[in-house]
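Computed from heavy atoms alone, side chains included, the values below leave out hydrogens, waters and symmetry copies. The shown structure was predicted, so the numbers you read here are calculated from the model rather than taken from an experiment.
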Amino acid sequence: MHIHLDVLGGVAGDMFVAAMLDAWPDLAEVVQENLRISGLQDDVEAVVRPHDDGVLTGSRFDVRKMGSGQEAARPDAGHHAHGHAREDDDHDKRHSQHHHEHVHGERHSHHNHTHWRDLRAMLEASSLDEAVRRAAIAIFHELALAEAAVHGKHVDDVTFHEVGNWDSIADIVAAATLIEAVGEASWSVGSLPLGRGWVETDHGRLPVPAPATTLLLRGFTFHDDGRAGERITPTGAAILRYLCPSSGIGSSPHVLDRTGIGFGMRRLPGMSNVLRVLAFTDEAAVQERVGVIQFEIDDQTGEELAVALDHIRSAGGVIDVTQSPVFGKKGRMMASVQVLTRPDAIEAIGALCFRQTTTLGLRSRTEARTILPRQPVTTGDGIRVKLADRPGGPTAKAEMDDVQALHQSHKARSELRRCAEAEALEKSHDHH
């Protein structure tokens with residue numbers, strides 16, 4: 001599987017989780033369970049909710065702290081989970097001062113600073129699956145390294161501010177859970193929106209992207225879409241850094257399997273603030289390179305040429321050998337021979353063709369070929385059947401050598417072949 005991250009609005013931890021859960025809604029239960037056993041307090045609630053901004057529909061990952069009869073929401077309406085503090089953008093300014101004080105005052109009244117060493121110990125002591133625990137710690141470690149470099153500290157002495165709080169811990173544990181749950185996958189990401197302006201943090205006013213974010217995203221491609229604000233949070237950057245994504249899905253064909261849209265908390269002028277996930281499976285057909293050798297024979301008997309081609313056909317590196325009748329000069333009948341080889345065997349097989357036949361010249365090249373995955377299956381009657389995985393569904397072809405050994409009529413052989421192919425298809429269906 002290949003998963004592509006289409007960064008339209010930006011990347012934050014909650015946007016990544018929301019997009020992944022929108023694509024794989026069946027994983028919501030395991031995310032909830034892992035959050036419960038990760039070491040978070042019991043009053044932290046995380047749910048994925050459907051969301052519609054009037055243009056697109058998708059999901060939002062909502063983390064709240066339930067307590068004192070009052071819900072404490074995420075710290076702001078921007079991308080949350082900064083390495084430091086909240087965003088100072090136009091959307092915040094549209095909120096009333098009362099609302100601003102309620103959300104931010106409740107959220108930051110005790111400043112909840114968390115040392116990386118303490119957070120790491122909490123995760124290590126949790127009963128999370130080892131792979132999920134390792135991934136969550138690795139994402140946090142990327143953040144800690146960036147913060148240590150920015151502030152000139154040893155990594156174990158790094159203190160997280162908002163990133164150390166319950167909402168960001170939930171995001172990173174959920175992200176690690178989803179990354180591991182989808183199994184073996186390659187990742188890619190498109191160009192990232194740069195953003196512009198300033199962000200207010202516990203360390204003072206910092207330019208966008210924040211310094212820790214820029215360290216995490218060295219080597220990534222950016223563009224400026226003209227919209228202000230923080231577009232990539234440190235948590236989102238740490239997830240990208242951990243995934244080590246390529247810059248594109250590659251040239252080989254892929255089949256789009258599913259897609260998911262995750263909304264951020266901010267609203268962007270004129271566009272949806274979303275991260276889109278595109279999950280691809282490898283196309284049933286596989287493209288590869290193959291060597292082609294061609295020549296004509298007009299002065300070798302059919303018997304001799306048949307023996308020569310059998311020698312060539314059995315040589316290592318040869319995929320197939322075919323011959324066909326053609327007319328040459330003066331209307332002479334000739335045999336046109338085509339040999340398919342592995343690309344690295346062209347030279348050796350060409351020399352073999354000169355030894356085995358009377359040809360005086362060869363034409364050779366490499367070209368693309370597309371093949372379907374296939375597997376051999378043996379039925380209960382001992383008949384070998386070749387299964388091919390076609391885009392429209394699997395097909396089966398019985399080996400004629402196994403059927404013709406039976407001294408039966410054409411009708412009986414045909415019936416036996418059909419039964420063997422049906423049995424092989426049924427075995428394949430049961431296996432999947």
Side-chain angles (χ1 to χ4, degrees), residues 12-18 20-21 24 27-48 60-68 70-75 79-85 106-148 153-182 202 212 216 233-239 241-243:
D14 63 327
M15 296 174 75
F16 177 82
V17 173
M20 292 291 288
L21 286 176
W24 284 275
L27 295 179
E29 190 173 327
V30 68
V31 168
Q32 291 284 0
E33 175 63 15
N34 280 357
L35 292 179
R36 187 185 67 79
I37 64 178
S38 66
L40 282 169
Q41 297 172 2
D42 292 338
D43 58 354
V44 173
E45 179 190 59
V47 293
V48 59
R60 176 178 281 170
F61 187 58
D62 193 9
V63 181
R64 295 176 178 269
K65 193 174 181 68
M66 317 295 290
S68 305
Q70 202 171 29
E71 294 185 16
R74 290 190 184 274
H79 293 314
H80 77 291
H82 299 213
H84 320 284
E106 186 172 13
R107 177 66 165 77
H108 291 293
S109 57
H110 299 292
H111 290 287
N112 262 351
H113 296 173
T114 306
H115 280 89
W116 163 228
R117 58 176 175 266
D118 297 331
L119 179 54
R120 183 176 58 211
M122 182 193 85
L123 292 170
E124 287 174 343
S126 72
S127 53
L128 288 167
D129 177 79
E130 181 183 353
V132 175
R133 185 168 63 244
R134 188 168 58 244
I137 290 173
I139 293 170
F140 266 117
H141 186 63
E142 295 288 358
L143 272 171
L145 289 173
E147 291 289 342
K153 295 184 177 180
H154 187 274
V155 65
D156 278 347
D157 295 330
V158 165
T159 299
F160 290 128
H161 302 293
E162 290 187 11
V163 174
N165 282 319
W166 42 266
D167 60 330
S168 303
I169 297 171
D171 288 344
I172 289 179
V173 170
T177 299
L178 292 164
I179 291 167
E180 292 300 320
V182 297
D202 285 354
L216 287 163
T233 69
T235 304
I239 292 170
R241 188 78 177 181
Y242 172 74
L243 291 173

Given F140 and L145, is the side-chain contact (heavy atoms from CB on, under 4.5 Å) satisfied, shown in steps? CA-CA 9 Å; F140 266 117; L145 289 173; over 6 Å; no
From [X] [atom1] over to [Y] [atom2], what is the distance, rounded to the nearest 0.5 angstrom?
| X | Y | atom1 | atom2 | value |
| --- | --- | --- | --- | --- |
| R36 | L128 | CZ | CG | 10.5 Å |
| I239 | R241 | CD1 | CZ | 14.5 Å |
| T114 | M122 | OG1 | CE | 8.5 Å |
| I137 | E124 | CD1 | CD | 4.5 Å |

Could you pull out the closest heavy-atom pair between [X] and [Y], with the gap in Å?
| X | Y | answer |
| --- | --- | --- |
| T233 | G13 | OG1-N, 4.2 Å |
| V182 | I179 | CG2-O, 3.3 Å |
| S126 | S38 | CB-O, 3.6 Å |
| L35 | A174 | CD2-N, 4.2 Å |
| A146 | A212 | CB-O, 3.7 Å |
| L216 | P234 | CD1-O, 3.6 Å |

4.5 Å side-chain heavy-atom contact, [X] and [Y]:
| X | Y | result |
| --- | --- | --- |
| D14 | V63 | no |
| H141 | W116 | yes |
| L27 | T177 | no |
| L123 | V173 | yes |

N-O pairing of D157 and R117 below 4.0 Å: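 The answer is yes: the pair qualifies as a salt bridge.
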State plainly whether the residues D62 and R64 are in salt-bridge range, i.e. N to O under 4.0 Å.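 Result for this pair is yes, salt bridge flagged.
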side-chain contact (heavy atoms from CB on, under 4.5 Å) between Q32 and V47, intermediate numbers included: CA-CA 8 Å; Q32 291 284 0; V47 293; 4.0 Å; yes
Could you walk me through whether T235 and I172 satisfy the side-chain contact (heavy atoms from CB on, under 4.5 Å) test, starting with their C-alpha distance in whole Å, then the side-chain angles of each, then the deciding distance to 0.1 Å, before giving a yes or no? CA-CA 8 Å; T235 304; I172 289 179; 3.7 Å; yes
Does any pair with a residue in residues 125-144 pass salt bridge (Lys or Arg N to Asp or Glu O under 4.0 Å), and if so which ones, sequence neighbours excluded?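 Residue pairs passing salt bridge (Lys or Arg N to Asp or Glu O under 4.0 Å), neighbours aside: E130-R134.
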